[in-house]
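As structure tokens, the structure follows; a few thoughts come after it.
Values reported hereafter were calculated over all heavy atoms of this structure, with side chains retained and with hydrogens, waters and symmetry mates removed. Chain A is the first sequence line, chain B the second, and so forth, proteins listed ahead of strands; every chain is numbered from 1.
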Number of protein chains: 2
Amino acid sequence: MSDQSVSSLCDYLCRVVYFEHLNPATIEYIAARLIPRRAVAGELLFVEGEPSAGLWLIQHGRVKFYKINPDGQEQILRLCGDGDTFNDIGAFDRGPNPANATALHDSRLFTLPTDFLCNLIQREPAFAQRVIEVLSSRLRLFTHQIENLTLYSVVVRVARFLLQQIENPSLSGPGVTRMAMAAHLSTTPQTISTVLRELESMGAIEFDRHHIRIVRDDLLRTIALL
Amino acid sequence: MSDQSVSSLCDYLCRVVYFEHLNPATIEYIAARLIPRRAVAGELLFVEGEPSAGLWLIQHGRVKFYKINPDGQEQILRLCGDGDTFNDIGAFDRGPNPANATALHDSRLFTLPTDFLCNLIQREPAFAQRVIEVLSSRLRLFTHQIENLTLYSVVVRVARFLLQQIENPSLSGPGVTRMAMAAHLSTTPQTISTVLRELESMGAIEFDRHHIRIVRDDLLRTIALL
DNA sequence: TCTCCGACTTCATTTAGATGAAGTGCTTCA
DNA sequence: TGAAGCACTTCATCTAAATGAAGTCGGAGA
């Protein structure tokens, strides 16, 4: 905890979904238990099936949480950024890691051990309540993901992904390459290229190698069938 | 509650994941709040986006929980049977129903209102703990589902589905037609037919219009890449 | 018992999107 | 400053699975 003041850690924790509405004393108590970790771009944080280290929190950086098949094909379940948490499942049910995680960019992270979290659930009903709400929202997210992947074409999926960027900054920026988008939307970088070109020719977006800018939000929304 | 004794309701509740380890007094308290419902085969129970009626429990029957796209194409998120619960998300986060539900077969059901469940979470830490565990396991399930749908071929998906039948009886039996299997595995009834024939010719299963029997568990497991 | 309808099967055809190959242009690191 | 390497683009080809059409089967209801 050497290089960070307790108060800055508390400021950070207050912006994490799980801890938002907790009282300052509890926040401080949690801050003292944060285990700081660092990762460089491309670093593997943990592997599916291994015992879980608990809940992971991102202070600053970008992380992909993903499954992989025997051919090496990847499915990114979630792209996470500043203030996000991941491996929630492994943290709360004491089971093994449900997927792999690697840093897409140099990152500063924390972990909180499962035992500590379970104690907190027992001691703080407000926290338990919050955990239930967050898990429900994750469930809702996965529900949408299954819907998108199975009921809509790649064009629709890409359009929806771009629209989500507006709310969720972890979906763009450093580390989120065409390859990552493809692995998240269950397609290939080539197809992403083609689709982006198509969206551009319709006048919905503008893009170059680095940025994708939404030109006509309404048109994109129509394409996304929203 | 007219036609069912309190003790038989309690016996039922003790077999539902959420209430397994609660003390008898609490179980009895919950039993008194169960709202009984009946449904005939094909009956729509609720629609995505509408306010949630709370948690649904199946006493006896079969229910599909699914998304639908503008073309009418269905994606079954979960097939539920005796003792299962559904609409957990809508029940715990006070949000709208995350998907549609219809009975696949004549069913006896219950609902428990959200307010009651939220109170219970506050009053019974053991229940809150259990809710967190169950939601985590649902999340794990969806994680697997996304993996199966995006990283494996239809043959593998069907093989895995058949293997799950052994543990989860709601995946077979009345109401679970080729159409339902197809909608769950994101494919078509025709493809299911072809794949079953293929699995039969390999000697892994035997089947007719009504039953699918696993002949060689080990072979099926190999095909499923497990 | 008969008939009708919906679920299932089979096969020929089509298609969305994957794959493979070839080339371009950043960006990093020597 | 140069070169290597990786991400990205484009296009031709291929393929898993969807679609459509036609026929079979079996159970429910008359």
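Within a 6.0 Å radius of CE in B:Met179, no more than 12 heavy atoms belonging to other residues, nucleotides or ligands are found.
In plain terms, the two heavy atoms of A:Arg178 and A:Asp208 that are nearest each other are NH2-O, 3.6 Å.
One atom, CZ of B:Arg178, and another, P of D:dC25, lie 16 Å apart when rounded to the nearest Å. When the P atom of D:dA7 is taken as reference, atom CG of A:Asp208 falls 17 Å away, rounded to whole Å. Taking atom CD1 of A:Ile212 as the reference point, atom P of D:dC8 lies 10 Å away to the nearest angstrom. Rounded to an integer number of Å, the gap from A:Arg209 CZ to D:dC6 P is 15 Å. Atoms CE (B:Met179) and C1' (D:dA18) sit 16 Å apart, rounded to a whole Å.
For A:Tyr152, there are no ring pair (Phe, Tyr, Trp, His ring centres under 6.0 Å) partners at least two apart in sequence or on another chain.
Between B:Leu196 and A:Gln190, the residue anchored closer to the 5' end of DNA chain C is B:Leu196, taking for each the nucleotide with the nearest heavy atom. Nearest-nucleotide mapping onto DNA chain C: of A:His210 and A:Ser153, the residue sitting toward the 5' end is A:Ser153.
At a threshold of 4.0 angstrom between heavy atoms, the contacts of A:Thr188 include nucleobase atoms, whether or not backbone atoms are also involved. Using a 4.0 Å heavy-atom distance criterion, A:Thr194 is classed as making no nucleic acid contact.
The closest side-chain donor-acceptor pair between A:Thr111 and A:Arg37 falls under 3.5 angstrom. With 3.5 Å as the limit, one finds no donor-acceptor pair spanning the side chains of B:Thr191 and B:Thr194. For the residue pair A:Ser170 and A:Asp82, no side-chain donor N or O sits within less than 3.5 Å of a side-chain acceptor on the partner.
Between the axis at the start and the axis at the end of the helix from C:dT1-D:dA30 to C:dA30-D:dT1 there is an angle of 40°, using five pairs per end and rounding to 10 degrees.
Residues B:Glu74 and B:Lys64 are paired through a salt bridge, judged by an N-O separation under 4.0 Å between the basic side chain and the carboxylate. The pair B:Arg15-B:Asp11 does not count as a salt bridge, with every side-chain nitrogen at least 4.0 angstrom from each carboxylate oxygen.
Here the range on DNA chain C touched by chain A, meaning any atom under 4.0 Å from one of its heavy atoms, is C:dG17 to C:dT27.
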